[in-house]
2 protein chains.
Amino acid sequence: MDRYVELLKKKGLKITPQRLEILRYLDENRIHPNIERIHSDLKKDNPSLSKTTVYNVIDDLTKADLLQILTINRFEILCDFKADPHHHFLCKECKKVYDLDEDFNCHLLEKIRSEGYQVDEVHGYFKGTCRSCLNKREGGK
Amino acid sequence: MDRYVELLKKKGLKITPQRLEILRYLDENRIHPNIERIHSDLKKDNPSLSKTTVYNVIDDLTKADLLQILTINRFEILCDFKADPHHHFLCKECKKVYDLDEDFNCHLLEKIRSEGYQVDEVHGYFKGTCRSCLNKREGGK
DNA sequence: TTCCTATCTTGTAATGGTTACAAGATTGAA
DNA sequence: TTCAATCTTGTAACCATTACAAGATAGGAA
C-alpha cells in the first residue's frame, strides 16, 4: 500500500487526493515551504486546488502529528514533514531554513524534566549566517 | 542616571516617556505579554498611549537588541526583555510561558559552528505541561 | 535658553494573511 | 449500491498588523 495512504489510515483520516499530494510534496521537498509555495507548486498538476484546502489539510495533518509548523519567524507558516527529531537553522541573509539532523541531548532538558515539567516537544532554532552566504561575502571582497 | 535612560542612550535612541515605560514594564514584568496586554496595562497610567506606539516601540527596541520577540507560537507577538541568554517552556494547558534561566550548552551548537555556520542566536522552545497543571490533574482525580 | 530639524507619537485608514461559512463533491462503511 | 459523514472549494468576513500624515517632542546647535 502507498506509504502516504498508510500514514493517513493509521491516523484515522480519510484518504483524499489533496491530502496525499500535500503529504507527498512535503516529504519529498524538505524545504519548509509556506502556504503560498505549497499552493502554487501543487496547482501545476491540480489547477482546481484551493488555497483554503491547503490551509485545511495542513491543519489536519499537523493535528494528526504528521507535520509540524515551524515558528522560527513570525512572518509566515512554514511546513515541515515530521520525520526524526531535528532542529533548524535560519540564515538571516538568504532566509533559507536548514535542517539540523542531529538531536541535542542537553543537560537543560534533563533538568526541567527532573523538576517535574512534562516535556512533549523540543524545538531548537539557531539563527545566523549559513556557509554559503559567508562564502559569498568572502568572494565579494 | 535611570537604568532605562542609559540603555536607550547606549543604543542611540531618543529618550521618550513611551519607550521608558515599555522598557521598564517589560523588565519588571517577565510575563511575555502580547501587544494587547502591554497596551492595556500601560494605558492605565497613560490613557493617551496608542497601540501603534506600542508596535513602533517594540519594533525599535527589538532592532536595538533590548528586547526579543518570542515565536514560540504563531498566534501572537510575545515580548521578552533581553536579559542573560535563556530559553522558554510553553505549557500547552495554561498557555503560560516560563523562563528557563539556564543556557544549554550542547554538542549540536559546537557541531554546526565547526561546520562553518555563524550562529548569532539560539532559541530553545520546550512545550508540554507545567508542574502546576499536572498537579491540578492529579488533584482532579 | 531659544531655535530648529529630525524623529516620535497618535489616530485613522488600508492591507492582506487567515478563518468562517455554505454548497456541492467525495469517501468509505453498511 | 446507498447514504451519512466529511472533505473540497470559492467567496466573504475578520482582525492583527502596517502605512500614512499631521501634530508633538527631543535634543543638538547657536
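Just the heavy atoms: all of them, side chains too, but no hydrogens, waters or symmetry mates, feed the values below.
- Using a 4.0 Å heavy-atom criterion, one finds that B/D60 contacts no nucleic acid atom at all.
- Note on ring orientation: taking the six-membered ring where Trp is involved, the planes of B/Y125 and A/Y125 are perpendicular (angle over 60°, cut-offs 30° and 60°).
- Here the P atom of nucleotide C/dG16 and the CD atom of A/E76 are 15 Å apart, to the nearest Å.
- In the helix from C/dT1-D/dA30 to C/dA30-D/dT1, the terminal helix axes, each the rotation mapping four pairs' C1' atoms onto the next four within five end pairs, subtend 40°, rounded to 10°.
- Considering CG of A/D41 and CG of A/N46, their distance stands at 13.0 Å, rounded to 0.5 Å.
- Map B/R74 and B/P47 each onto its nearest nucleotide of DNA chain C; the residue landing nearer the 5' end is B/P47.
- Protein chain B contacts DNA chain D from D/dA16 to D/dG27, reading 5' to 3' and using non-hydrogen atoms of the protein with a distance under 4.0 Å.
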Enumerate donor-acceptor pairs with a distance under 3.5 Å from any side-chain N or O in residues 72-79 of chain A to protein atoms, sequence neighbours excluded.
unit_1, atom_1, unit_2, atom_2, d
A/N73, OD1, A/F75, N, 2.7
A/N73, OD1, A/E76, N, 3.3
A/E76, OE1, A/N34, ND2, 2.7

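- Here the CZ-CZ distance, from A/R24 to A/R3, works out to 10.0 Å after rounding to the nearest 0.5 Å.
- The CG atom of B/N56 sits 11 Å away from the C1' atom of C/dT7 (whole-angstrom rounding).
- Contact check on A/K111 versus A/E115 returns a salt bridge, with a Lys/Arg side-chain nitrogen under 4.0 Å from an Asp/Glu carboxylate oxygen.
- DNA chain D lies under 4.0 Å from at least one heavy atom of each of the following residues of residues 14-42 of chain A: A/K14, A/T16, A/Q18, A/R19.
- A sub-4.0 Å separation between OP1 or OP2 of C/dT18 and a side-chain N or O of A/Y55 is present.
- In this structure, A/Y117 has its ring center at least 6.0 angstrom away from the ring center of B/F126.
- In this structure, CD1 of A/I58 is placed 15 Å from C1' of C/dG17, rounded to the nearest angstrom.
- Exactly one of B/R137, B/K127, B/R131 qualifies for a salt bridge (charged side-chain N to carboxylate O under 4.0 Å, His left out) with B/E93. That residue is B/R137.
- In summary, A/R19 and A/D60 engage in a salt bridge, as defined by a charged side-chain N under 4.0 Å from a carboxylate O.
- With sequence neighbours excluded, no residue satisfies ring-ring contact (aromatic ring centres under 6.0 Å, His included) with B/F81.
- Taking the side chain as every heavy atom from C-beta outward, A/N29 and A/I38 never approach each other to under 4.5 Å.
- Atom NZ of A/K51 is separated from atom P of C/dG17 by 7 Å (rounded to the nearest Å).
- Between B/V57 and B/F75, the residue anchored closer to the 5' end of DNA chain C is B/V57, taking for each the nucleotide with the nearest heavy atom.
- B/H123 is linked by a side-chain hydrogen bond (donor to acceptor under 3.5 Å, both in side chains) to B/E121, counting only residues two or more places apart in sequence or in another chain.
- Mapping A/G12 and B/T52 onto DNA chain D by nearest heavy atom places A/G12 closer to the 5' end of the strand.
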